Visitor: 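Structure incoming, see below.
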Amino acid sequence: MMVPGCASLVRLRAAAGPAVLWLASVVTGACIRPPPVIIADRHTVLEQQASVPFDQLQQDLQRAGLSPAPVPLTRGQVEAAGGEAGALPLQPEGPEPDDVQLDRLLVRRCVGEALDGTLVQTPQTCTTPLDPQRVGSLLERTNRNRWQVWHFLQQQRPGTSLQEVRKAWRQVHLEGLVCGAQVQGSDGRWGVRECAR
Amino acid sequence: MRPLLALVFGLPAAAWAQGLSQPERLTAGAADQLLGQLAPDGERLYFVSSRGGLSQIFVQQSRTGASEPLFDDQADATWPRLSPDGTKLLYISRHGDAAGDLCVRDLTAGTRRCLEDRQHADLQAVWMPDASVLLLGRQGLHGDLELRRVHLEPSGLRAEPFLQENLSGPAVSPDGRWLVYVPLQRSERSVGVSFAAEAAEELALVRLGARGPQGPRLRLRMELPGVTGQPAFSLDGRYLYFTQYLNDTNFDGRIDGNDHGVLFRVPFDSRAASPVTSAALAAPEQLTSAGWNCQYPSPSRGRLIATCAAHGSLDIYALPLEGSVPEGWDESKLRDELRSSQDPWERLLLQGRLLRSARGPARAALLLEMIRQHLGLREHASAAFYTRQLGSLGGELSKMAEILLHLIDHRRQERLLDRGQLGERFVARAQERLAALRQRRGGADADVQALAALVESEVLDALGQEGPALAALRAVQPAALRVPLVLHLYGERAREQLRPHHDRQGLLAAYRALATHAALSTADRLAFSRALVRELVRGQGRGEAKAQLEGLRASVDADSDLAFIVETERWLLDLAAGQEERVREGLFELYRAHKDPDRRRALIAATIGHAASLDSDSLMYQFANTWVSGLSRDQAERRYAERLYRQVVMERAYVQWNDARMGDARGNFFGVTLQTDSLEGHIGFIEARLREGQQDVEEQYKRRFADRPEDPVYLFVRAYLMARALPPEPAALDRTAQEALALLRKAASAYSQRVELQHLWGYLAHRRYLVGRDSTAAQEAMAHYLLALDLARDNVRYRAAVLSQLGLLQESIGNFRAALERLEERGKLPFSDPQAHLLHLLALGRCRFHANREAEAAAAAEEALRLIERTPELARYRPLALDRAALYHLAAGAYAQALARYRAVGAHLAGAPGGYRLTHLLGRAAAALGADQGAEALNDLAEAGRLVADPQVTRTLHRSMLGDPQDILSTYQLIIDGLRARAYRGLGQMEQARQALQARRQVLQGRLRRRPLDEDVLELARVEAGLAGLAVARRDLPAAIEHVRAGLRRMDAWMQQTGTPVHELGLALIMAWGDLRLFGSAAGPPEAELERRLTEVYGTLARLRSPRWAEARARLALQLALIRLRAGRIQS
């Protein structure tokens, strides 16, 4: 790193072959003035020996390319480029209820309704940055509740296997899932729940 | 009425209209900045930063925002504290002692004195009014802590005992009468208190006499949840500030310094026997929102400095001394803010203020609401604290409080369960809780009964007893309840429990009961109505959803909040069917028909939310406009309406801008400047107006602000206009930029936390740096860009601009890797200006090149060329992009591509300075050599040779190549000769190659005579190696050996000078000699010198034993063995 500070610290001398890196002087509150030791790295040397600076063009481009204004992007342009344009300031701040959080995570494909009836994290399809620990904690709570419900349902239907209970429960659950939620199909692939328009 | 009241109490109307004061960020950057202290004159901020890898003490100039290390002790330094007169700074240094020494630096003289004492580890220190220091430290690793008093004497620092007690965070009142601290206790006998201690929950206070502490310790127990720490006095001694850790925000089961801190203060009367009254302890003043994590309060003359954690790093922030709630806000203002605030922590801050004076039923209602919010935020300690206050009100409220405490404890335990920490104990406690709750059954009060049942249901649910949990929930009759907290808990339970059981009807019935409940506020009923509708239509297509809503509408009271929400949602469903105009009319009709502000707000939120999801721009605009226009500027809600309006309308304006509808865009930007105080709106208006070809912008603003020329908006606009028209001539640019910066500094008094201002500031400093290369300008630019980047979190347009410019700035000062990070992040967002895009690509390429990613650098340069091809206005920059592409291809070893690009550059160099042509020719020759075009390379090198011989040319060589002209000349001569030798060799012209190398040797020898540099010695050895190779090629082995030996002599000198035991070149030379003697037809026995050298080198490699030299070691062993065999010195 070139440290702004004392003037005339760094002097470059080109070399034909790979140059040696010396330690740069340290900038202190009171400037020290080392001898005119040459400091170079291979790329800087190459840049100076084998390319044309075109100073005027460079300056002109800098003048034209720098601006005191923001970049006039629209939300559509940002989203088309795969970025996040930011939400409208409509939602109350602070922690959301678990189910609202889950709906949002399902739609953003960060979490999915797995074939076995539990919720799982799906980082490979996630479209938004998130806190894996918090999401993990949320899923743990929700899945624990689901397991308790399944055991309860199994007790209500003696002779039914837990697997059958989970399957039946999941079928009903998916019907009430938020539109656009990520769901695992019977082939194991992740898809999105479409709702009729 | 309100503005009049504001004037009566001396509060400007503008201050009445503004909201809570947010912490103002003073430092920025990815590293941590903490422990800030402002100098008495406010001109400098001292703080600790980890940006250099160590903890160092930095000083930041308030005027420019630029910061630099105050000193460099080459060791960690921390705990900076300014003396009362501001002339000295004490700190803890690890320079002389890794455990820490107290040091004091004279800020004027720059001198330093330290209390160097290996027996003590110094930890914290504080100034006394007489300029002595109280120093907290310990003796030995596991010793107890103690306070010593350190006197600054001419002969040095002298310490004497002061107080033997385990404590932390000592603070002394400005008059020296009192010492406040946090008492500590060892938590383990055998482990020192520095490593295992428990802090008391309260502060201790002791009077100080002439000889030290005297009298009893007073306990300052704040009536707040959690624990207290980090006391600090205001400069006038009238207030004691402190950090309160209110809740277990990291859910590790403890409340301590690892949790979020909230700043408070209490009045302090130094002359009283009990300086903090019980009234003050009962109602400390909350200064920061618990949504922030702020600690280490440091009151200065006019501001409170604190360290706050936000977005992954610590930084220094400033607040008014009275904190976030402006002085003079009365109850009506607090309630107005509360009604419109959407931030739960801000709501709690406001409610806490109201609670100080609330009595009777109002107090109970406020407490219940605060408890509900804390439960929702999972702030269990605070929820319990306010629940106990509720219980103290007596009657049914104390029963309710008892039940709530069970709920809070259950939830706290369950939160720990998430981390797998509790099992059997959790179950046992839950069973005990159930038993206690069942004893509450049969009481008269419906709310108490319902609360007990709900808590019971929640506990049973957690235990997996689903049947009894459901039964307990279903036993609750919401119609009989009156307390909003209980109703909310009922709604929560219904959602948590009924949905997993797919009891949709049960859930809908629960929501319906709440959506129409008279005991709830309008806002709450509307929220439950929305929840009901959401649940009703969940997972259904439009047609089914509409049918459901029709069915619901028919069954509810037409005047109810529920009916209002159903009606709204019914209209919004049609929006998806493309009936925008009809929907707009319907919703406006609904809006006009209902005057209730909560209903209107709910309609607007729902409409804009739907419209945003369907990109219905005009609907968003109309309703955002309607909302903001219907609120006066002194209403708290207006700020939220303005925020929404600004975002919606700015988006609309930018869409029009991108469609080249400048007039429409201008109109919308102008609208934003009228309705809000958005600076970006002004920028948009100015740019749109100028794009329309109008030159009257300056005049327009002059007229608009004729009666208030010092208005911060006008100052900003003037600075902006100057910034966008900076003159090209460097001195004039610098002057203009400085004038613009002066205007911005004035505007910063109102807008320091605006991204527009910080970005503009950074831009001006950046432009100054580019013309003058003044490093302080670069620092100033960096500081403001970093602040702008933090402020641009929710503004993608500014984020894009700042990332670009920060990356370009770092690239221009040579911080290539840091620049690369910014530029790559910027590259993920679109570009709207071709020149900015081209500048970005070239900078990106350069940074990748310097980061050893040569092939990727070439790819960036090629992308730049493609951009130029499709953008005629960029045509003039083609040579620049071609040259960069050539260089990066060369560096990446793609010689054919490099040569093609170099050839293309050549066409643009007619009439160019000689220095340009020289470096171009050298690059082209190197590429030609790599692409086996030796003849072409030689032509270029011949031309280069002629240029080097021309003294005029050396004057135009690369700007940064300063120094001895003879050195520069000889360097280029060396390059030319070296490349010539390679070219001739490649063409099989060995004699010419030899001559070129000999010429090279001559130049090097000349340089050595002038200035002996190791590098040149090594180069000479290389030349000899090259000559040896040529001699071998012409089969002159004795000559080859002579060159090898000459090379080895050079290597000997180099290795001795540099202290390098082994070098590849030396190994290659010695092995070549061995090969020549043993396997070549060079006559004669191996020289004794050869065997000696082989033995020496072999021994060195055997000692070093690096895998890198394994092959060489094997070869040397073979050669040595052969030599000794031939000499008969090994038994065969």
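Every chain is numbered from 1 and lettered A, B, ... according to where its sequence line falls, protein lines coming before strand lines. On a predicted model such as this, the values are computed, not experimentally measured, just so you know.
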Visitor: What part of A:Asp103 gets within 4.5 angstrom of chain B, counting heavy atoms only: side chain, backbone, both, or neither?
Guide: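 Interface part for A:Asp103: side chain.
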
Visitor: Please round to the nearest 0.5 Å and tell me the distance separating atom CG of A:Leu73 and atom CH2 of B:Trp657.
Guide: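 That separation rounds to 12.0 Å.
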
Visitor: Once rounded to the nearest 0.5 Å, what's the spacing between atom CG of A:Asp99 and atom CZ of B:Arg538?
Guide: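 Result: 7.0 Å between the selected atoms.
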
Visitor: Is the A:Phe152 ring parallel, tilted or perpendicular to the B:His501 ring (thresholds 30°, 60°)?
Guide: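 Rings of A:Phe152 and B:His501: perpendicular, as their planes differ by over 60°.
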
Visitor: Which bit of A:Trp150 comes within less than 4.5 Å of chain B, counting heavy atoms only: side chain, backbone, both or neither?
Guide: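 Neither part; nothing is under 4.5 Å.
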
Visitor: Under 4.5 Å heavy-atom distance to chain B, tell me which part of A:Gln62 shows up: side chain, backbone, both or neither.
Guide: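 Both parts, backbone and side chain.
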
Visitor: If I measure from the heavy atoms of chain B, does A:Gln58 come under 4.5 Å with its side chain, its backbone, both, or neither?
Guide: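 Looking at A:Gln58, backbone and side chain both touch chain B.
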
Visitor: Less than 4.5 Å apart, side chain to side chain, heavy atoms only: is that true for B:Leu909 and A:Phe54?
Guide: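 Yes, at least one pair of side-chain atoms sits under 4.5 Å.
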
Visitor: If you tally heavy-atom pairs under 4.5 Å against chain A, which of B:Arg534, B:Gln805, B:Gln497 wins?
Guide: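 Option with the top pair count is B:Gln805.
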
Visitor: Are A:Glu47 and B:Arg846 ion-paired here, with the side-chain N under 4.0 Å from a carboxylate O?
Guide: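 Salt bridge: yes.
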
Visitor: Does any heavy atom of chain B fall under 4.5 Å from the side chain of A:Gln77, the backbone, both, or neither of them?
Guide: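 For A:Gln77, the contact with chain B is made by backbone and side chain together.
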
Visitor: Measure the shortest side-chain to side-chain distance between A:Arg63 and B:Leu726 over non-hydrogen atoms and say whether it is less than 4.5 angstrom.
Guide: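 In short, these two side chains do not touch, never coming nearer than 4.5 Å.
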
Visitor: So for A:His151, is it side chain, backbone, both, or neither that comes closer than 4.5 Å to the heavy atoms of chain B?
Guide: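 For A:His151, there is no contact with chain B at all, as no heavy atom is under 4.5 Å.
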
Visitor: Salt-bridge test for B:Arg504 and A:Glu175: reply yes if a basic N is under 4.0 Å from a carboxylate O, no otherwise.
Guide: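 Between A:Glu175 and B:Arg504 there is no salt bridge, as every charged N stays at least 4.0 Å from the carboxylate O atoms.
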
Visitor: Can you tell which of B:Arg499, B:Arg724, B:Arg767, B:Arg495 has the highest number of heavy-atom pairs within less than 4.5 Å of chain A?
Guide: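 Of the options given, most contacts go to B:Arg495.
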
Visitor: Can you tell which of B:Ala462, B:Ala653, B:Gly110 has the highest number of heavy-atom pairs within less than 4.5 Å of chain A?
Guide: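 Max contact count across the listed options: B:Ala462.
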
